[in-house]
Amino acid sequence: MRITLKIWRQASATAAGEFATYDLDEVSPDMSFLEMLDVLNEGLTAAGLDPVAFDSDCREGICGSCGLMIDGLAHGPERTTTCQLHMRSMKDGATITVEPWRGDSMTVIKDCVVDRSALDRIVQAGGYVSVNTGAAPDAHAVPVPKAKADRAFTAAACISCGACVAACPNASAMLFLGAKVTHLGELPQGQPERDARVVAMARQHDAEGFGGCTNIGECAAACPKEIPLDVISQLNKDLRHAMAKGL
Amino acid sequence: MNEIIDGLYREGEPIADTKAPDGPIEKRWERRRFEAKLVNPANRRKLEIIVVGTGLAGSSASATLGEAGYQVKAFYYQDSARRAHSIAAQGGINAAKNYKEDGDSVFRLFYDTVKGGDYRSRESNVYRLAEVSASIIDQCVAQGVPFAREYGGYLDTRSFGGVQVSRTFYARGQTGQQLLIGAYQALSRQVAAGTVTEYSRHEMLELIVVDGKARGIVARDMVTGEIETHLADAVVLATGGYGNVFFLSTNAMGCNVTAAWRAHRKGAHFANPCFTQIHPTCIPVSGDHQSKLTLMSESLRNDGRIWVPQRAEDCPKDPREIGEADRDYYLERIYPSFGNLVPRDIASRAAKNVCDSGRGVGPGGKGVYLDFADAIERLGRGAVEAKYGNLFDMYARITGENPYETPMRIYPAVHYTMGGLWVDYDLQSSIPGLFVAGEANFSDHGANRLGASALMQGLADGYFVLPNTIRDYLASGPYPAVDEDHPEVVAAIESVTTRLTTLLSRRGTRSVDSYHRELGHIMWEYCGMSRTEEGLRTAIDAIRELRTEYWENVNVPGTGESLNQSLERAGRVADFLELGELMCIDALHRRESCGGHFRAESQTPEGEALRDDENYAYVAAWEWGGEAGLPVLHKEGLEYDYVEMKQRSYK
Ligand SMILES: Cc1cc2nc3c(=O)[nH]c(=O)nc-3n(C[C@H](O)[C@H](O)[C@H](O)COP(=O)(O)OP(=O)(O)OC[C@H]3O[C@@H](n4cnc5c(N)ncnc54)[C@H](O)[C@@H]3O)c2cc1C
Ligand code: FES
């Protein structure tokens, strides 16, 4: 395959960025998208140029490190992570635009590498169960109905890649937040802190500068782990309950 | 000590694990916990601990030490602690809960692990691992880890290779992810509480040793390029495995040996470096562009049948057109009682043998079929989809083939490293104050790890073992403050900056990746699934040559003062180029086959691994011999009082 890449280059957080254009002639349809970028980088290095910086680690769709806007879509045209996208999904001869995630709360560090630490701080605000090591009762002390366990799992599958924020016109992280609130809220272990958790996490979300949700649904459509939109309804419900209790 | 052996190494004094208590095995851990000194809560605040790594081992250790009140600094190279490679583990985690009443017990888990490791691990360590396994599940459930459950609301379990009970707890195909999120959340709670400070996008590049004790690290801020000094009372490495020395492996792109190797060069012994696990069911290499290999869970071998054509000339044919009589279900043929479910090392070697005999399928003849046609006929497509759907989808996405219609192609790939830094029962390395947890140490799996045991070990080390043993060392602290301009600190920083400047100044003709690929090729060819005296010698020479060329001719673009991914990789590959040689020396010196280490010269008439307990029932702990010197071998003898040493048989 032959492709043309229009890719975002930005030397540092403070530098101005711009698109650079590169042609690649020998792309195999079996390559993953990131392997195609590896090939580009080998070529740039050989030519004495600076390779394009982008994040990736597991390349199996689970660590959440990778994430590119490909032709305006978070993670590209397939419903998967960028590392699991393969060149056979792209057209021979195509011009492909590649950009980093953008948003007030996710800033570019270099080229396509962004700072997503705001998501970690939302978890630090309360996305956990306060149990010290060694203080746990036997695992079978509290049975958990299968349906609840399954829903908790579905929400817990979030990989914190940030695609939901990148896809949202409001740059909201509500899908991310709702996923954590639903995961812990479905389980008996998450009940004692449920109200306090949702309030603290939502406050942090807003303080980080993420936008509000206006029910557009781009987040769930872009989510590579198919986190359902109803976690946001759950979030709103939990918030209402907590507020009603005066928290 | 002065005699040079095989032209490659010297032998030093034997060593011993002096921390494991004796007495009845089931009392040892309790005794050690009692005898390890306590640190009073007021003093804990004054004690600083550096933990490098936030995988299962590192996150759980940092969280638990933070809860106890110590001041912890947690380092990792990703942008978030939750992205550590543990996140990728699929299958499950073992624990001797015996919830199924199927005869499981702490002793049985201990027994299976010692046997599975082909009698090259320590009884005391493995027993402790089995003993704390049950508490891990309790802890994780309390944190909200959504394990798979049955309709009654209780935890579900499944069976894994090499065992006959159902003791593997799981969360769909994402067990590692869910366990790590549990540990990451516990860590996040301590970050909020102020006991743990995180250093994301930081890579440890040197260990600081003062007066014989580990006192800190030199780390590079990967965003600004700044070289930082961090000092503490103790250092914990939980930096994972080194499978990426093979370039292609199932490990994440950034997995490296740098932290462990830097510590090794500062005096920490490296144990059994050649013990690597090659997983039989991975998606084969599709071309030169390949950057990593993807595991297909071991669970597929429950229903899939593995075969190759009987005749080499049938290999290019469409597999569906090859009749039953012309297929060789070689595992079922050679191992009638275990069939497709033989342990990993055996399944991998058998695949290599049939491919070497010219009967491999797919590109380059490096693949065998994993066929679900029978299972689909027997159970129906829906049932197969329900069980393995996500794996089939992943396979289809990567290969562009539909595994419901045509058999999968699989081939073995490097997956896990049993070797690692030598530690005693307290998880303390040969440098006082340096502790090592998780895959980075060598402690529990001997020459072969059983499925679902790495997650167990990582969390056992981090939640339960290390926090109890490190206090014995910390009780003598706080250790005298070290000045930033102490000669050892200055020297450590200087060695880091010199190294980085040298790498950046070469501007040669070959990229870092091209060297890494070549090293990987040498390792896979000569130190992979089958190893010979001659091959290993060839490899050692080739690696030395490659390393010399690397330092003269590598091309690392950019500068050290900003984010520079080529520079990050360059440092890691430089260390792999040294580790690779030691792995080959270790493999050469161990003239027996055991577990994942197969020496072609040591096999039974049927071609199975042949151990030599008389000469090799020991841990090979290697001491760094200096830049120009030779590595020094220290043997730690292994004794078995509870499990009888037998030749493994799966026929
Ligand atoms: C695909 C796959 C599937 C697996 N499935 C299973 C399974 O089902 N069951 C099972 O039991 N085991 C499984 N394993 C093995 C298991 O996942 C690992 O052995 C285990 O998770 C390792 O955990 P760890 O905490 O030791 O290290 P890791 O999770 O690898 O963490 C290493 C940490 O160290 C940091 N680090 C490394 N080097 C540096 C440095 N120089 N400076 C700073 N930080 C550094 C990293 O940032 C990271 O935080 C699987 C492995 C793979 C590859
Ligand atoms: S690199 Fe891990 S999800 Fe893509």
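In what follows, every chain begins at residue 1, and chains take the letters A, B, ... in the order their sequences are listed. Predicted, not measured: the structure shown is a model, and the values here were computed from it.
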Enquirer: So, the side chain of A:His86 versus the backbone of B:Gly400: is there a donor-acceptor pair under 3.5 Å, distance only?
Expert: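 Checked: no pair found.
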Enquirer: Side chain from CB out, backbone as N, CA, C, O: work out which of these in A:Ile159 comes under 4.5 Å of a heavy atom of chain B, or both, or neither.
Expert: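 When you check distances to chain B, atoms from both the backbone and side chain of A:Ile159 fall under 4.5 Å.
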Enquirer: Could you walk me through whether B:Arg83 and A:Asp55 satisfy the salt bridge (charged side-chain N to carboxylate O under 4.0 Å, His left out) test, starting with their C-alpha distance in whole Å, then the side-chain angles of each, then the deciding distance to 0.1 Å, before giving a yes or no?
Expert: CA-CA 11 Å; B:Arg83 305 202 201 285; A:Asp55 269 326; over 6 Å; no
Enquirer: Between B:Lys97 and A:Asp138, does at least one N-O distance fall below 4.0 Å, as a salt bridge requires?
Expert: yes
Enquirer: Check this for me, if you would: do A:Glu60 and B:Lys292 make a salt bridge, where the nitrogen-to-carboxylate-oxygen distance has to be below 4.0 angstrom?
Expert: yes
Enquirer: Under 3.5 Å, is there a donor on one side chain and an acceptor on the other for A:Arg116 and B:Ser80?
Expert: no
Enquirer: Check whether B:Gln565 reaches the backbone of A:Ala53 with its side chain - one donor and one acceptor, N or O, closer than 3.5 Å.
Expert: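 No.
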Enquirer: With the side chain counted from C-beta on, respond yes when A:Cys63 and B:Gln78 share a heavy-atom pair under 4.5 Å apart, and no when they do not.
Expert: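 They are not in contact (no side-chain heavy atoms under 4.5 Å apart), so the answer is no.
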Enquirer: Under 3.5 Å, is there a donor-acceptor pair between the B:Glu198 and A:Gln124 side chains?
Expert: yes
Enquirer: Counting N and O atoms only, with roles assigned by atom type, does the side chain of A:Asp30 sit under 3.5 Å from a partner on the main chain of B:Ser286, one being a donor and the other an acceptor?
Expert: no
Enquirer: So which part of A:Ser89 gets closer than 4.5 Å to some heavy atom of chain B, the side chain, the backbone, both or neither?
Expert: neither
Enquirer: Just by distance, with hydrogens left out, do B:Asn251 and A:Arg59 show a side-chain donor and acceptor under 3.5 Å apart?
Expert: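 The criterion, which ignores hydrogens and geometry beyond distance, is not satisfied for A:Arg59 and B:Asn251.
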Enquirer: Do B:Asp513 and A:Asp38 make a side-chain contact, defined as non-hydrogen atoms from C-beta onward lying under 4.5 Å apart?
Expert: no
Enquirer: Check whether A:Ser160 gets within reach of chain B through its side chain, its backbone, both or neither, counting any heavy atom under 4.5 Å.
Expert: both
Enquirer: State, yes or no, whether a side-chain contact exists between B:Arg149 and A:Asp150 at a heavy-atom distance under 4.5 Å.
Expert: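 They are not in side-chain contact.
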Enquirer: Is B:Ser566 close to chain A through its backbone or its side chain, or both, or neither, when contacts mean heavy atoms under 4.5 Å?
Expert: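 Interface part for B:Ser566: side chain.
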Enquirer: Does any backbone or side-chain atom of B:Ile398 lie under 4.5 Å from a heavy atom of chain A? Answer side chain, backbone, both or neither.
Expert: both
Enquirer: Quick check against the 3.5 Å criterion: does B:Asp138 have a side-chain atom that pairs as donor or acceptor with the backbone of A:Ala139?
Expert: yes
